[in-house]
Protein chains: 2
Amino acid sequence: MDNLKSENTEIEILNAAKAVFQQKGMDGTRMQEIADKAKINKALLHYYFRSKQLLFEAVFSSAFSLLAPQLNTILNDESDLFEKIIKFTNNYISFVIEHPYLPNFVIQELNRNPEFSNKLRVKENFPTIDKFKIQVSIAIEKGIIKPIETEQLFINIMSLNVFPFIAEPLLMALTNTDKENYNQLLQNRKTEVSSFIINSIKM
Amino acid sequence: MDNLKSENTEIEILNAAKAVFQQKGMDGTRMQEIADKAKINKALLHYYFRSKQLLFEAVFSSAFSLLAPQLNTILNDESDLFEKIIKFTNNYISFVIEHPYLPNFVIQELNRNPEFSNKLRVKENFPTIDKFKIQVSIAIEKGIIKPIETEQLFINIMSLNVFPFIAEPLLMALTNTDKENYNQLLQNRKTEVSSFIINSIKM
DNA sequence: ATCTTTGTTAACTGAATGGTTAAACTATTT
DNA sequence: AAATAGTTTAACCATTCAGTTAACAAAGAT
């Protein structure tokens, strides 16, 4: 049998499912819309993935697998602290411009179903803060940065990088900028955010 | 007629609708669940609010009306820039602890339906950045703070304050903290965040 | 060639859901 | 107390939606 055919179909389904789930979330998504986007019969979705829930989980896993390496840039990379903050900030914005719905999708679905994160934490490649913690305490001891709890610093880095994408419509309205202007603001944040952070913590 | 009775029913419905919509969003909410929570017959929801969409809009408006004054603390308050940042950060966290689902609700529903923000912007009490912009440029001119675009500063302030509530399950998993620890972290941010910001921008 | 397995579709099913209706009930007016 | 107006409910309706079925098509296996 031509397993290229079936493989293609499966990929088509996954791509369509990603697009729809990431934009509309679990509740807002219709199986029919995924089928239409993949240009196949709705029954095929069930043939390949059995249920909406399982298809969703496949999409969620794949989304998280894309996000995890990004987080590891800040948490487990070998480079120097400041260098690392600069690198992460710069990389992350480029990454999200490629996958605009991804971070919000992951966050929302974790909100909808908090037990999910427990399932995730068990996975082998799940990013942890441990190594970063050591790096921060060394930098504090050496007097390179002001004292700060690692968790707070990490939350600050994540906030400054992720939030502008999640709250785009709200922030556009509040800052009174159009799409083009706002995109320019985001581009500028590639360097803006790391300076902001480093200015704040450096001795 | 006893209009206290009907007024109470309407308030009961609104309260129930707020609770459900803010937790589950438009798509995840069932009219039956609101009716059950309000302890009334489902038909009454339609008697008072005609449709799910209109009930939703009532809830959304009311949510935004609660949020707007918070934003005006940072955008239109008369106080000194540093003082204002301290005040906002402190107030905001207390506010969100009282209304935990509110900011995410507003942001998500604006994402779901971006035209909404255009409707909002027309409203008289919609917060604008104009006054804050003047204040920031004066502070820069006087050499009190380093040069920074007002929009970037505003986005930074919002990010650091709002994101930790929106991404709670994700950040809990990544920082490996339980509910109690995370709440303590959030409490500490009441002062932590304002120092972080002021450290970064002060000359 | 024909039998079996895999892939695909149209049509269907049953449950859930937003919304309606008509009647019952309650309060107010006359 | 009878009529009127407003409130509440149970039962119902139409539609949407996830999932199933049965028949068919394509490709290998024998």
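Side-chain atoms are counted along with the backbone in the values below, which use heavy atoms only and exclude waters and symmetry mates.
- Atom C1' of nucleotide dG18(C) and atom CG of L44(B) are separated by 15 Å, given to the nearest angstrom.
- Listed in residue order, the members of residues 21-34 of chain B having a heavy atom less than 4.0 Å from DNA chain D come to none.
- Between the side chains of E180(A) and Q184(A), no donor N or O sits under 3.5 Å from an acceptor N or O.
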Do any side-chain atoms of residues 36-47 of chain A form donor-acceptor pairs under 3.5 angstrom with protein atoms, and if so which ones, sequence neighbours left out?
unit_1: D36(A); atom_1: OD1; unit_2: Q32(A); atom_2: NE2; d: 2.9
unit_1: N41(A); atom_1: OD1; unit_2: A43(A); atom_2: N; d: 2.8

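- When the side-chain nitrogen and oxygen atoms of T9(B) are compared with OP1 and OP2 of dT7(D), none of them lie within a distance under 4.0 Å.
- For N15(B), the side chain to side chain donor-acceptor pair (under 3.5 Å) criterion is met by no residue, not counting sequence neighbours.
- One atom, NZ of K52(A), and another, C1' of dC17(D), lie 8 Å apart when rounded to the nearest Å.
- Here the P atom of nucleotide dC12(D) and the NE2 atom of H46(B) are 19 Å apart, to the nearest Å.
- For Y47(B), the listed nucleotide lying nearest its side chain is dG6(D); candidates were dT9(D), dT21(D), dG6(D).
- Considering only the side chain of N41(A), dT9(C) comes nearest among dA10(D), dT9(C), dG7(C).
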List the atom pairs, with distances to 0.1 Å, where a side-chain N or O of residues 16-26 of chain B and a protein N or O form a donor-acceptor pair under 3.5 Å, not counting sequence neighbours.
unit_1: K18(B); atom_1: NZ; unit_2: S62(B); atom_2: OG; d: 3.4
unit_1: K24(B); atom_1: NZ; unit_2: E33(B); atom_2: OE1; d: 3.3
unit_1: K24(B); atom_1: NZ; unit_2: E33(B); atom_2: OE2; d: 3.2

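- Between the CD atom of Q53(B) and the P atom of dG19(C) there is a distance of 9 Å, rounded to whole Å.
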Contacts under 3.5 angstrom, residues 165-177 of chain A side chains, donor-acceptor by atom type, not counting sequence neighbours:
unit_1: E168(A); atom_1: OE2; unit_2: K179(A); atom_2: NZ; d: 2.8
unit_1: T175(A); atom_1: OG1; unit_2: L171(A); atom_2: O; d: 2.6
unit_1: T175(A); atom_1: OG1; unit_2: T177(A); atom_2: OG1; d: 3.1
unit_1: N176(A); atom_1: OD1; unit_2: R121(B); atom_2: NH1; d: 3.0

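- Straight-line distance from the CD atom of E10(B) to the C1' atom of dT8(D): 15 Å, rounded to whole Å.
- If you measure from atom CG of N8(B) to atom C1' of dG6(D), you get 15 Å, rounded to the nearest angstrom.
- Taking 4.0 Å as the cut-off between side-chain N and carboxylate O, E192(A) and R189(A) do not count as a salt-bridged pair.
- A donor-acceptor contact under 3.5 Å links the side chain of K42(B) to the base of dG19(C).
- Comparing dT8(C), dA10(C), dA10(D) against the side chain of A43(A) picks out dA10(C) as the nearest.
- When rounded to the nearest whole Å, the span between CD1 of I40(B) and P of dT9(D) equals 7 Å.
- Straight-line distance from the CZ atom of R50(B) to the P atom of dT20(C): 8 Å, rounded to whole Å.
- Scored by the side chain to side chain donor-acceptor pair (under 3.5 Å) test, K52(B) finds no partners at all (sequence neighbours excluded).
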